[in-house]
Amino acid sequence: MKKWGELALGVVTSIGGFLEVGSIATSAQAGAEFGYQLAWALLLGTIGLAVLMEASGRLAAVSGRTYADLLRERFGIRFFMLPLVALLLVSFLVLASEIGGVSLALQFVTGVNLRWWALPVALLGWGLLWRGTFSAVEQGTAGLGLVALMFAVAAVKMHPQWGMLGRALLPSIPHHEPARYWYLVISILGASISPYLFVFYSAGAIEDGWSPEHLVVNKVTAGLGNLFGGGLAIAVLVVAALVLAPRHIRIDSYAQVPLMLSQPLGKAGVLLFAGTLFITCFGATVEIVLAMAYALAQGFGWPWSENLRPGKDSRFASSYTVFLFFAALIIVIGVDPLALTNISMVLTAASLPVTVVPLLVLMNDRTLLRRYVNGPFANTALVVLALMSVVVLVAALPLQLTGGG
Amino acid sequence: MHRVRLASFAIPLTLLPLLLAGCGGSSPDKTLTSVSSWTATVHLATADFRRRRVPTLYATELRDQARSALLDSRRTLGSQPLAVDDRRRATASLDSLHAALASLDHELDAP
């Protein structure tokens, strides 16, 4: 019975966890500019994230160690600095975007400029981390994240052309603006496959005391949870494709996004959007800053656990405090959240090689994983992801220069 | 020693192109596309507000953002050398956003 509870919680957490400021923005931009055509990129990102989460969860459950911890031990501190710096830099930008997302949600319902909300939002997140436990963080954001299901309701109410949507799940060549099309593909992949997600997931497995007995829970959480989460991102794309694309409305500001919900959901659509943005971005804020503090503490061998009192793991607690404060300052000084999101999603995608390739090596280490090492299917999936991440890294700059961004 | 040098170069070398990727200019075509997108946004917001599909606070927020986009675009297009036809097209596009905003203003101010 306890396992079923863990399973349900894991799936619900993944549903809410998948959607955040980056996936909402990139899916809406993709739908508004290319209709259903980029649905395949969302599917690819969903599968990619599921593969990486399953691998990092299996690694933690079997070895009893986290990804960051093993990365430092097996590759040495000098190599470890590369993924650590990349992870911290891109996650810091994504963290600022998420704080911007929560602040925007508050701006939509109060009319008070988002810059005034950034520090209170960071303080709220910090309070939850300082006073709460890992379960409180996980469960508090999981159930509320289900409000994001309103995107699915909105998509169905718009009567999408299912056949056309099904065909869009296969990659296709763009009919116009190829640079912009491929740039959005990279942004979508960055929004879906964020390294912080599997660093957080692997640390969460240790916080929850996972063992090899949890491998089924791990598989279902990573697979089903991300499938539902990815489905919601596709729902965002569908609504944008049906409401914004025919009117030639592109997303130049977050303020334009809630407008797409006024058609299927009326006045409630804007309020539900604000609620979804608040909850999903707040959940992501807490998860990202924890992932950053986890990576730092695990990499340098400091005591760490969200279940410990801050006095017992002071460097871990100080890390998330500092990260939250400075990320909030980025919004306070007036950086546009949408521009920040777009840049951070591309940078996230481009940083993937330094986190994905080492994971492939660790997942084939029999001294760590015994009989649970990667099979041919998991290895093929990780190799494809690693190659894809290298292509993304190489393509990001030329696409920006040729007018994609 | 060699490995230290490699690491100290690898990090900035990896990040430099990525940071550069974030810096993009704004061409006249891009600005005009944005202006017509904002015009369509304001038209939709006006129609939705009339049918009570969006709250007043949100419609006001959208109007303010659109106005800010209009000012930015006017400044961007004004500072760029454009051919006569392009200048005429830009003026028409900016005027049409201005008119759409006036219409939303009217709806918002209506009792």
Side-chain angles (χ1 to χ4, degrees), chain A residues 32 76-79 81-82 85-86 89-90 93 107-111 183 186 243-244 247-256 258-263 265-271 273-274 339-340 342-344 346-351 353-354 393-394 396-401 403-405, chain B residues 1-27 29-69 72-73:
Chain A
I77 188 72
R78 283 188 187 130
F79 177 84
M81 290 308 290
L82 185 62
V85 171
L89 272 176
V90 294
L93 294 178
Q107 181 178 321
F108 286 147
V109 291
T110 62
Y183 186 84
I186 291 178
V243 178
L244 304 180
R247 295 172 172 86
H248 305 286
I249 296 176
R250 294 169 71 122
I251 308 289
D252 291 315
S253 155
Y254 269 115
Q256 290 164 292
L259 196 58
M260 70 185 189
L261 291 164
S262 64
Q263 304 292 310
L265 302 177
K267 210 178 240 181
V270 174
L271 298 174
F273 177 83
L340 187 63
N342 285 336
I343 290 169
S344 55
V346 173
L347 292 182
T348 302
S351 75
V354 292
L393 170 65
V394 174
L397 180 62
L399 283 174
Q400 175 70 32
L401 294 177
Chain B
M1 184 66 184
H2 180 66
R3 276 201 287 176
V4 175
R5 276 196 195 142
L6 186 71
S8 58
F9 279 110
I11 293 170
L13 275 179
T14 311
L15 295 171
L16 183 67
L18 307 182
L19 290 172
L20 282 173
C23 314
S26 171
S27 67
D29 277 349
K30 226 173 179 178
T31 309
L32 284 177
T33 307
S34 171
V35 171
S36 60
S37 161
W38 272 111
T39 307
T41 303
V42 175
H43 280 312
L44 179 59
T46 307
D48 279 350
F49 183 73
R50 207 174 285 142
R51 289 183 206 128
R52 298 177 190 277
R53 277 184 177 164
V54 291
T56 310
L57 196 61
Y58 173 66
T60 310
E61 167 74 29
L62 207 50
R63 177 195 62 184
D64 294 346
Q65 296 267 340
R67 186 158 287 145
S68 160
D72 285 347
S73 304

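Hydrogens, waters and symmetry mates are skipped; everything else that's a heavy atom, side chains included, is used. Please read all numbers here as calculations on a predicted model, not as lab measurements.
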J.: Starting at CG of A:Asp252, measure out to OG1 of B:Thr31 and round the result to the nearest 0.5 Å.
T.: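 OG1 of B:Thr31 is found 10.0 Å from CG of A:Asp252.
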J.: What are the two closest non-hydrogen atoms of A:Leu259 and B:Tyr58, and how far apart are they?
T.: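 Looks like N-OH, 3.1 Å.
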J.: Could you check whether any side-chain heavy atom of A:Phe108 comes within less than 4.5 Å of a side-chain heavy atom of B:Pro55, counting everything from C-beta outward?
T.: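 The answer is no, as the side chains (C-beta and beyond) never meet within the 4.5 Å cut-off.
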J.: Measure distances from A:Pro258 to the heavy atoms of chain B and classify the residue's part below 4.5 Å as side chain, backbone, both or neither.
T.: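 Contact with chain B: backbone and side chain both.
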J.: Look up atom CZ in A:Arg250 and atom OG1 in B:Thr41, then write down how far apart they are to the nearest 0.5 Å.
T.: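 Nearest 0.5 Å value for the CZ-OG1 distance: 11.5 Å.
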J.: Write down the atom of B:Gln65, the atom of A:Ala255, and the distance for their closest heavy-atom approach.
T.: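 That would be CG-CB, 3.7 Å.
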J.: Please rank B:Thr60, B:Thr33, B:Leu62 by heavy-atom pairs under 4.5 Å with chain A and give me the top one.
T.: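 That would be B:Leu62.
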J.: Answer with side chain, backbone, both or neither: which region of A:Thr110 has an atom nearer than 4.5 Å to a non-hydrogen atom of chain B?
T.: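 Only the backbone of A:Thr110 comes within 4.5 Å of chain B.
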J.: Which value, rounded to the nearest 0.5 Å, describes the distance between A:Ile249 atom CD1 and B:Ser36 atom OG?
T.: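 A:Ile249 CD1 to B:Ser36 OG: 10.0 Å, rounded to 0.5 Å.
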J.: To check you understand the geometry: which heavy-atom pair defines the closest contact between A:Gln256 and B:Ser37, and what is its length?
T.: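 For A:Gln256 versus B:Ser37, the nearest heavy atoms are NE2-OG, 3.7 Å.
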J.: Decide yes or no on side-chain contact (heavy atoms from CB on, under 4.5 Å) for A:Gln263 and B:Leu44, but give the supporting numbers first.
T.: CA-CA 10 Å; A:Gln263 304 292 310; B:Leu44 179 59; 3.3 Å; yes
J.: Which value, rounded to the nearest 0.5 Å, describes the distance between B:Leu57 atom CG and A:Gln107 atom CD?
T.: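 It comes to 9.0 Å.
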